[in-house]
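Notes for the one structure printed next.
For clarity, every value in this text was computed on a predicted model and none was experimentally measured. Numbering of ligands and ligand atoms starts at 1, following listing order.
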Amino acid sequence: MTDTVGGPGRLEGKVAVVTGGGGTNSIGRAICLRYGKEGARVAVLDINFPGASRVAAEIVEAGGTAIPVACDITDLGQCKAAAESVAKTWNGRIEILVNNAAFFGGMGVWRPFDEWTADEWDKMQNVNVRGMWFVTQAIFPYMKAQGYGKIINLSSSSFFEGVPGFIHYTTSKGAIIGYTRSLGKELGQYGIRVNAIAPGFTMSDAQLELTKDYQDWYAHNRERQAFHERNEVPEDLAGPAFFLASPDSDFMTCQTLLVDGGATPH
Ligand SMILES: NC(=O)c1ccc[n+]([C@@H]2O[C@H](COP(=O)([O-])OP(=O)(O)OC[C@H]3O[C@@H](n4cnc5c(N)ncnc54)[C@H](O)[C@@H]3O)[C@@H](O)[C@H]2O)c1
């Protein structure tokens with residue numbers, strides 16, 4: 001497994017909001033822990049408040065600074081209240097936003113494209129795309145006021161690859177690439193950088209639950225990667241998310257980092 005510990009303090013004092021950070025074995029949690037180790041003040045935002053509280057406590061126990069924030073990202077009012085409470089806690093500043101929350105499991109997989117219901121389609125786009133737009137609207141005024149910001153959106157390699165049987169999800173993750181490119185062009189004038197990360201098939205709890213009846217996929221995905229010895233894990237996304245949050249990537253915007261062990265050609 002990849003080491004999540006980086007050089008100390010490279011995000012010292014920066015305020016980071018990570019949506020969907022409240023999982024147990026999840027990409028959001030791995031990013032939160034890494035940001036905490038790098039000295040960022042981390043707002044762990046999730047619809048799952050006990051989960052967000054647990055991850056914030058993990059960061060504090062490791063010597064970092066973090067708070068949990070309860071928020072359903074499909075509600076613009078809740079997003080604005082969450083941004084306000086984070087800014088109030090830490091002197092009006094928010095430098096980093098990771099748009100990681102998404103609807104992922106919960107509806108099963110491998111259904112033909114014309115058998116998903118309109119409600120299922122709408123729920124997927126509502127959380128994954130509209131929710132991301134709402135959170136960004138809520139955080140934007142703080143970034144604009146400080147003339148600097150880093151926004152990192154979680155897409156998916158499934159958009160580049162095309163995955164049969166999961167069309168509402170892959171469509172939502174493709175929308176995020178368009179969103180990232182357009183938003184980056186629009187917000188560059190304010191010093192705000194907008195980039196995306198597209199993880200490959202990653203062994204988070206949500207993925208393990210979704211694919212529990214299809215475990216032959218784990219070996220199949222190892223074979224598809226350029227590295228065959230293990231599957232991708234949430235911690236593999238922590239380094240790329242750190243890079244896109246750090247000043248080292250300040251001349252990058254509108255880009256997507258495909259982090260999938262080489263499984264998918266870009
Ligand atoms: N695991 C993978 O294989 C994989 C691959 C590619 C992309 N991704 C993307 O990475 C991100 C994290 O995935 P994960 O596997 O860690 O899944 P996860 O389900 O553990 O993470 C999603 C988090 O979002 C939260 N959330 C859901 N709806 C919300 C809402 N309305 N408001 C606030 N929070 C909400 C959940 O409580 C959860 O903590 C997602 O954007 C996912 O699409 C995952």
Looking only at N/O atoms, are [X] and ligand 1 under 3.5 Å apart anywhere?
X: Asn100; result: yes
X: Thr202; result: yes
X: Asn48; result: no
X: Asp72; result: yes
X: Phe103; result: no
X: Ser26; result: no
X: Ala101; result: no

Answer yes if the ring centres of Tyr218 and His220 are under 6.0 angstrom apart, and no otherwise.
no
With a cut-off of 4.0 Å, which atoms of ligand 1 are near a heavy atom of Leu154?
10 (O), 41 (O)
If we number the atoms of ligand 1 from 1 as shown, the ones under 4.0 Å from a heavy atom of Gln207 are 1 (N), 2 (C), 3 (O)
Take every heavy atom of [X], measure it against each atom of ligand 1, and state whether any distance is under 4.0 Å.
X: Gly21; value: no
X: Glu232; value: no
X: Ser155; value: yes

Give the C-alpha distance, both sets of side-chain angles, the deciding distance and a yes or no for salt bridge (Lys or Arg N to Asp or Glu O under 4.0 Å) between Glu84 and Lys80.
CA-CA 6 Å; Glu84 199 182 323; Lys80 288 187 170 166; over 6 Å; no
In the protein, which heavy atom is nearest to [atom], and how far is it?
atom: atom 32 (N) of ligand 1; result: Ile73 N, 3.0 Å
atom: atom 5 (C) of ligand 1; result: Gly200 O, 3.1 Å
atom: atom 19 (O) of ligand 1; result: Ala206 CB, 3.4 Å
atom: atom 15 (O) of ligand 1; result: Ser204 OG, 2.6 Å
atom: atom 44 (C) of ligand 1; result: Ile27 CD1, 3.7 Å
atom: atom 37 (O) of ligand 1; result: Asp46 OD1, 2.6 Å
atom: atom 28 (N) of ligand 1; result: Val127 CG1, 3.8 Å
atom: atom 34 (N) of ligand 1; result: Ile47 N, 3.3 Å

Taking [X] for its side chain and [Y] for its backbone only, find out whether a donor-acceptor pair lies under 3.5 Å.
X: Ser249; Y: Met252; answer: no
X: Gln78; Y: Asp72; answer: yes
X: Gln146; Y: Ile94; answer: yes
X: Glu95; Y: Val15; answer: yes

Could you go step by step and tell me if Ile151 and Phe140 meet the side-chain contact (heavy atoms from CB on, under 4.5 Å) rule?
CA-CA 10 Å; Ile151 298 176; Phe140 167 61; over 6 Å; no
Would you mind checking if Glu209 and Lys212 are paired as a salt bridge, meaning a charged N to carboxylate O distance below 4.0 Å?
yes
Heavy-atom distances under 4.0 Å decide this one: backbone, side chain, both or neither, for Lys173 against ligand 1?
side chain
So which bit of Pro234 gets within less than 4.0 Å of ligand 1, heavy atoms only: side chain, backbone, both or neither?
neither
With a 4.5 Å cut-off on side-chain heavy atoms, are Leu244 and Lys150 touching?
no
Residue that, paired with Val98, satisfies side-chain contact (heavy atoms from CB on, under 4.5 Å) out of Val135, Thr19, Val17, Leu154
Leu154
Given Gly22, Gly131, Cys71, Ala102, identify the one with the heavy atom nearest to atom 33 (C) of ligand 1.
Cys71
Pick, from Tyr169, Phe104, Phe201, the option with the minimum heavy-atom distance to atom 43 (O) of ligand 1.
Tyr169
Looking just at side-chain N and O atoms, do Thr180 and Asn153 make a donor-acceptor pair shorter than 3.5 Å?
yes
Looking only at side chains, do Tyr169 and Asn128 share a donor and an acceptor under 3.5 Å apart?
no
Would you check, one step at a time, whether the test side-chain hydrogen bond (donor to acceptor under 3.5 Å, both in side chains) holds for Thr24 with Asp205?
CA-CA 7 Å; Thr24 40; Asp205 282 351; 2.5 Å; yes
Kindly assign one of parallel, tilted or perpendicular to the pair Trp110 and Phe166, based on the angle between their ring planes and the thresholds 30° and 60°.
perpendicular
